[in-house]
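A, B, ... follow the sequence lines: proteins, then strands. Residue 1 opens every chain. Treat the numbers as computed from the prediction; the structure is a model and nothing was measured.
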Amino acid sequence: DIVMTQGALPNPVPSGESVSITCRSSKSLLYSDGKTYLNWYLQRPGQSPQLLIYWMSTRASGVSDRFSGSGSGTDFTLKISGVEAEDVGVYYCQQGLEFPWTFGGGTKLELK
Amino acid sequence: QVQLKESGPGLVQPSQTLSLTCTVSGFSLMDYSVHWVRQPPGKGLEWMGRMKYDGDTYYNSALKSRLSISRDTSKSQVFLKMNSLQTEDTAIYYCTRVFYWGQGTLVTVSS
């Protein structure tokens, strides 16, 4: 199985600051179609996960442009430009290249 | 609009079988795949399996011997059955179309 490893944030983060969440996969997620099968989700407290980014850098419909995804085949970053109160929660990366789909352990964002 | 909603028993006894239903609306199960994902309390997400739009299934090998996913397209429902439940199967169970998620249903395994 592909192992997904996420980094931590220096919580709590001051409102308005920009933060980057890292994720690493044990295998390249770049497929032969040119797409990188890496998703980012936000799970707010008490809620279901919400898709933020798919194909490593494509924002899902309705997601603020403060969120951006980037990376290579195995190293990925989710950047939040100007953290707001509604961004609080746990962020997960997930690989969709092959089954079983696997998630990172999650990165918690707390606001100061 | 697209919606998914899980339903099932909140409490299951150890060694018994869990049966969950995911009822979808706003799309056809013959056009989109539906996945099951679970989350133990306070822990991370685990992908369990997928019902593909063509009826094909794929399971997490860690659960494969205990897990079965099926569907009734006429009722827009996807079913999850998992046997030999243990306390570590206590979790919120979600059905998802990736871009859309159900609210989840908490299943507690306890005598």
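Interface remark: A:Gln94 contributes no atoms to any contact with chain B (heavy atom separation under 4.5 Å). Looking at B:Tyr94, only its side chain comes within 4.5 Å of chain A, counting heavy atoms on both sides. For B:Val37, the part lying under 4.5 angstrom from a heavy atom of chain A is the side chain only.
Between A:Phe103 and A:Trp101, the distance from one ring center to the other does not fall under 6.0 angstrom. The six-membered or imidazole ring of A:Tyr41 lies near that of B:Trp101, with a centre-to-centre distance under 6.0 Å. Between B:Phe27 and B:Tyr32, a ring centre-to-centre spacing shorter than 6.0 Å is recorded.
Looking at A:Arg44 and A:Glu86, no side-chain N of the basic residue comes within less than 4.0 Å of a carboxylate O on the acidic one, giving no salt bridge.
Under a 3.5 Å cut-off, the side chain of A:Thr107 and the backbone N or O of A:Ile21 do not form any donor-acceptor pair.
By number of non-hydrogen pairs under 4.5 angstrom with chain A, the leading residue of B:Tyr100, B:Tyr58, B:Tyr59 is B:Tyr58. Per-residue heavy-atom pair counts under 4.5 Å with chain B were compared for A:Pro100, A:Gly96, A:Ser61, and the maximum is reached by A:Pro100. Residue with the most contacts toward chain A among B:Met48, B:Lys43, B:Gln39: B:Gln39 (heavy-atom pairs, distance under 4.5 Å).
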